[in-house]
Enquirer: 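Quick one: structure below, then a few questions.
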There are 2 protein chains.
Amino acid sequence: MDTKQTYKSCTHNKQVNCNQCQLNTICMPVSIQIKDLDKLDSIIQRGKPLHKGEYLFHVNDPFTSVYAVRSGALKTHLLSENGQEQITGFYLPGEVLGMDGLGNGLHTNSVQALDTSSVCKIPFDQLEELSVKLPSLQRHFMQLMSREITQEQQMIGLLNQKNAESRIASLLLSISSRNKRRDLSANSFLLPMSRKDLGNFLGITTETVSRIFARLQSRGLIATAQKEVTLLDIEGLQTLAKT
Amino acid sequence: MDTKQTYKSCTHNKQVNCNQCQLNTICMPVSIQIKDLDKLDSIIQRGKPLHKGEYLFHVNDPFTSVYAVRSGALKTHLLSENGQEQITGFYLPGEVLGMDGLGNGLHTNSVQALDTSSVCKIPFDQLEELSVKLPSLQRHFMQLMSREITQEQQMIGLLNQKNAESRIASLLLSISSRNKRRDLSANSFLLPMSRKDLGNFLGITTETVSRIFARLQSRGLIATAQKEVTLLDIEGLQTLAKT
DNA sequence: CGATCCATTGAAAGATGTCAAGCGTAGTGG
DNA sequence: CCACTACGCTTGACATCTTTCAATGGATCG
């Protein structure tokens with residue numbers, strides 16, 4: 001059984017616990033001992049999967065929990081002042097979201113499934129309690145938040161300094177490396193989001209996204225077939241991404 | 001003695017502790033009791049002021065502490081992949097920075113004084129220790145990080161959806177409201193950063209910054225004299241900021 | 001099978017960037 | 001104290017990129 005298979009079976013088994021989950025080295029710290037992982041496991045709630053388009057929570061919902069993505073993909077988005085939707089992130093399996101609500105007790109984002117997705121719900125008050133007993137858990141959780149900050153700062157850099165072409169290249173490489181981390185193919189994958197979402201996130205219009213995809217394809221850097229993308233020249237893309 | 005004066009005297013007195021600090025309701029939670037504030041105070045280190053251009057820490061420096069700005073102003077910046085400086089934030093008195101290093105133990109930003117500035121250094125290991133005894137402190141610290149995430153998401157929205165004019169308007173209003181929080185004038189203030197830094201942060205060139213300032217001035221929305229900015233029509237600016 | 005949404009492509013317009021020159025200000029050293 | 005220099009800021013003309021508007025084709029889902 002290859003890792004992909006293992007992962008797939010994990011997807012549909014709601015009962016799998018943290019110890020057995022293929023993703024635990026991503027979403028939870030290596031530093032947590034197995035017996036501690038059991039404790040963590042005991043507070044985690046696993047609900048039924050979200051269907052495409054369904055919401056995990058909405059802006060201004062009271063913050064109660066953080067969530068680890070188990071399968072599928074989700075987008076977080078908020079309404080900016082002018083009433084436009086602004087996508088703030090895409091979340092793939094093993095990644096943790098929901099920390100936005102901790103600031104003032106209300107979520108600042110809405111979270112919507114891009115595809116059928118399942119998540120582990122981790123009630124924050126219990127996590128906090130457990131953190132007192134497990135200092136490494138507290139540290140890990142803060143590290144997750146810190147990395148989120150760093151990621152978003154890099155996003156700001158991307159938006160400020162890169163043209164549309166290198167934004168797309170960067171995003172494709174980001175998805176690629178996140179897939180690799182999960183032992184999936186780094187070269188060929190399904191983009192979970194629409195061109196529109198992609199453009200919204202990267203700050204360019206759908207039309208431009210489309211044109212860039214066509215351009216990259218004509219140059220032999222990628223191949224596309226609807227949602228499927230194959231990276232044909234990763235080095236070339238990396239060069240592009242560095243504008 | 002007006003608040004501005006009080007604040008100014010605070011600036012030059014290195015000995016002032018958290019209890020006496022005019023900024024403690026900003027950088028520290030209201031929820032911390034006075035006696036607890038004493039404990040926090042005891043771990044805080046106060047160094048000599050940084051001069052303009054000096055660094056508080058550099059990218060890849062080991063993470064040891066977080067810092068509360070006491071006076072002056074600082075910018076955080078990182079080198080993006082293409083080797084360009086990217087400013088990721090401006091920090092004014094009462095604001096806390098340095099959480100970027102928590103993720104993997106190394107700072108992902110450099111921090112540089114925009115003007116003579118003093119900061120309180122809060123060693124993180126001691127803060128963590130203290131957090132175990134003071135759950136409200138731990139919670140507050142996570143809230144600071146969460147708000148940082150939210151702020152940066154809003155920044156992403158700004159960069160994605162707003163033109164140069166409303167970016168500038170948004171930044172001016174942001175500085176204004178942060179001044180107000182410190183009981184300084186919300187209408188008239190000195191911009192601590194250069195046009196170049198401002199443009200770098202907002203993702204526009206110095207020339208465009210200059211042109212927009214001229215345009216806003218000709219429309220009677222602001223008045224400028226070098227670093228000094230007066231907001232003449234805050235409502236007008238707010239309308240602009242909403243694209 | 002139709003309806004709807006999503007994606008693609010073209011042509012024109014608009015915004016910002018680039019290049020270049022000139023001006024003001026602040027700081028330096030005589 | 002003044003003059004000089006360096007740097008930051010401003011302004012103009014032009015180039016470039018992306019958006020906007022519009023039309024068409026294709027996929028998906030009831």
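Residue numbers begin at 1 in each chain, while the letters A, B, ... track the order of the sequences. Computation of the quantities below employed the complete heavy-atom set of this structure, encompassing side-chain atoms and omitting hydrogens, waters and symmetry-equivalent molecules.
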Enquirer: Which part of the nucleic acid, if any, lies within contact of B/G203, taking any heavy atom under 4.0 Å across all strands shown: a base, the sugar-phosphate backbone alone, or nothing?
Expert: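 Answer is sugar-phosphate: B/G203 comes under 4.0 Å of backbone atoms only.
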Enquirer: Using whole Å, report how far CG of A/L190 lies from C1' of D/dT28.
Expert: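 Rounded to the whole Å, the gap is 15 Å.
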Enquirer: Grab the CG-P distance between A/N163 and C/dT18 for me, whole Å please.
Expert: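 Nearest whole value for this atom pair: 11 Å.
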Enquirer: Could you pull out the closest heavy-atom pair between A/E54 and A/P49, with the gap in Å?
Expert: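 What the structure gives for the nearest pair is OE1-O, 4.3 Å.
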Enquirer: Whole-Å distance between D/dG8 P and B/M193 CE?
Expert: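 Spelled out: CE on B/M193 to P on D/dG8 is 16 Å.
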Enquirer: How close or far is atom P of C/dA7 from atom CG of A/D197, stated in whole angstroms?
Expert: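 Whole-Å distance recorded here is 8 Å.
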Enquirer: Ignoring the backbone of A/E207, work out which of D/dT20, C/dA15, D/dT18 is nearest its side chain.
Expert: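 Output: D/dT20.
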Enquirer: Tell me the interatomic distance from A/R195, atom CZ, to D/dT28, atom P, rounded to whole angstroms.
Expert: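 The answer, rounded to whole Å, is 12 Å.
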Enquirer: Take B/K196 and B/R211, find for each the nucleotide of DNA chain D with the closest heavy atom, and name the residue whose nucleotide sits nearer the 5' end.
Expert: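 This one resolves to B/K196.
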Enquirer: Select base, sugar-phosphate, or nothing to describe what B/S210 touches, counting heavy atoms under 4.0 Å on all strands.
Expert: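 Here B/S210 touches the bases of the nucleic acid.
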Enquirer: Does B/H58, at its NE2 atom, have more than 12 non-hydrogen atoms belonging to other residues, nucleotides or ligands within less than 6.0 Å?
Expert: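 More than 12 heavy atoms, drawn from other residues, nucleotides or ligands, come within 6.0 Å of this atom.
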Enquirer: Does C/dG17 have OP1 or OP2 sitting under 4.0 Å from an N or O in the side chain of B/T205?
Expert: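 Checking B/T205 against C/dG17: at least one side-chain N or O falls below 4.0 Å of OP1 or OP2.
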Enquirer: In whole angstroms, how far is the P atom of C/dT8 from the CD1 atom of A/I212?
Expert: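 Rounding to the nearest Å, CD1 of A/I212 and P of C/dT8 are 12 Å apart.
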Enquirer: Without hydrogens or angle criteria, can the side chains of B/Q161 and A/S80 be said to hold a donor-acceptor pair below 3.5 Å?
Expert: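 A pair is found: one side chain offers a donor N or O, the other an acceptor, under 3.5 Å apart.
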Enquirer: Rounded to whole angstrom units, what separation is found between the CD atom of A/E165 and the P atom of D/dT18?
Expert: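 About 8 Å, once rounded to whole Å.
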Enquirer: Using a cut-off of less than 4.0 Å, is there contact between a side-chain N or O of A/T208 and OP1 or OP2 of D/dT18?
Expert: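 Answer no for this pair, as no side-chain N or O of A/T208 is under 4.0 Å from OP1 or OP2.
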Enquirer: Just how far, in rounded Å, is P of D/dT18 from CD1 of B/I204?
Expert: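 Rounding to the nearest Å, CD1 of B/I204 and P of D/dT18 are 17 Å apart.
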Enquirer: Compare side-chain N and O positions of B/K227 against OP1 and OP2 of D/dC9 and report whether any pair is under 4.0 Å apart.
Expert: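 For B/K227, the contact criterion (side-chain N or O under 4.0 Å from OP1 or OP2 of D/dC9) is met.
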Enquirer: Checking the side chain of B/N109 only, and the main-chain atoms of B/T76 only, is there a donor and an acceptor separated by less than 3.5 Å?
Expert: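 Looks like no, no N/O pair under 3.5 Å.
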Enquirer: Whether the side chain of B/K162 engages the backbone of B/A241 through a donor-acceptor N/O pair (distance < 3.5 Å, no angle test) should be reported.
Expert: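 Side chain of B/K162 to backbone of B/A241: a pair is present.
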